[in-house]
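Just so you know, ligand 1 is whichever comes first in the structure, and atom 1 is the first atom listed for that ligand. Everything quoted here is computed from the prediction, not taken from an experiment.
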Amino acid sequence: MKKLKLATVWLDGCSGCHMSLLDLDGAIIPIVRKVDIVYGPLVDAQEFPEDVDVTLLEGAISTQEDVEKLQQIRSRTKLLVSLGDCAVTGNVSGMRNGIPVNKLLQQIYVDGADLGGCIPGDGLPQLAKQARPAQDFVKVDICLPGCPPPNKVIAGFLNNLLDGRKPETNAKVKFG
Ligand code: SF4
């Protein structure tokens, strides 16, 4: 049987959504037998591959680099899933949105430093004015809200998909 090609992506999030995925414990075994994890922090792929069946996206979109990566992911993914409130609404990543970026960096890296503070610069992606949800930039097929989405919700979603059932989301998930 052909395995489902699954990618996971970690943009501007805390990794808690990936932790919830890993927290499936034993329930992850029948799932990983039916999927190839082709990209993400759980594997060592350097480039996002073509023809991905499902991508689970964690985190908000906070830099131009994130936007370009998201557009590439969208163009190479059949089913794009926003995993967690940061991807769905901006959530925690968006808490900075009312503060100008220069002021934010100054407060964190200089005013907040115990000694020798400086704003990181060269080679790092520049923060956009706001952290925004994925659907502001590309079509998102399914949202799995939660901070993080509970492991049972992620397992239920993946099992429905793998068994050919229409993924059910709204009945079992909530924000926060
Ligand atoms: S939704 Fe919550 S758990 Fe997931 S990346 Fe955002 S802050 Fe972390």
Checklist entry - Do Q64 and E68 have side-chain atoms, one donor and one acceptor, less than 3.5 Å apart? => result yes
Next on the checklist: Please work out, at 4.0 Å between heavy atoms, whether the side chain, the backbone, both, or neither of M19 comes within that distance of ligand 1.
Outcome noted: neither
Checklist outcome for this item: Tested for side-chain hydrogen bond (donor to acceptor under 3.5 Å, both in side chains) against T55, the lone hit among T77, T8, D141 is T77
Checklist entry - Got a sec, which residues hit side chain to side chain contact (heavy atoms under 4.5 Å, CB included) with D111, two or more places apart in sequence or on another chain? => result Q106, Q107
Checklist entry - side chain to side chain donor-acceptor pair (under 3.5 Å) with S20: which residues, sequence neighbours excluded? => result none
Item to check | Proximal ligand 1 atoms for E58, defined as those under 4.0 Å from one of its heavy atoms | outcome: 5 (S)
Item to check | Contact summary for V38 and A45, nearest pair of heavy atoms | outcome: O-CB, 3.3 Å
Item to check | side-chain contact (heavy atoms from CB on, under 4.5 Å) between F48 and K69, intermediate numbers included | outcome: CA-CA 9 Å; F48 195 88; K69 190 158 195 178; 5.7 Å; no
Checklist entry - Is there any side chain to side chain donor-acceptor pair (under 3.5 Å) pair reaching into residues 93-105, and which pairs are they, with sequence neighbours excluded? => result none
Checklist entry - Closer than 2.8 Å to atom 2 (Fe) of ligand 1, which protein N, O or S atoms? => result C147 SG
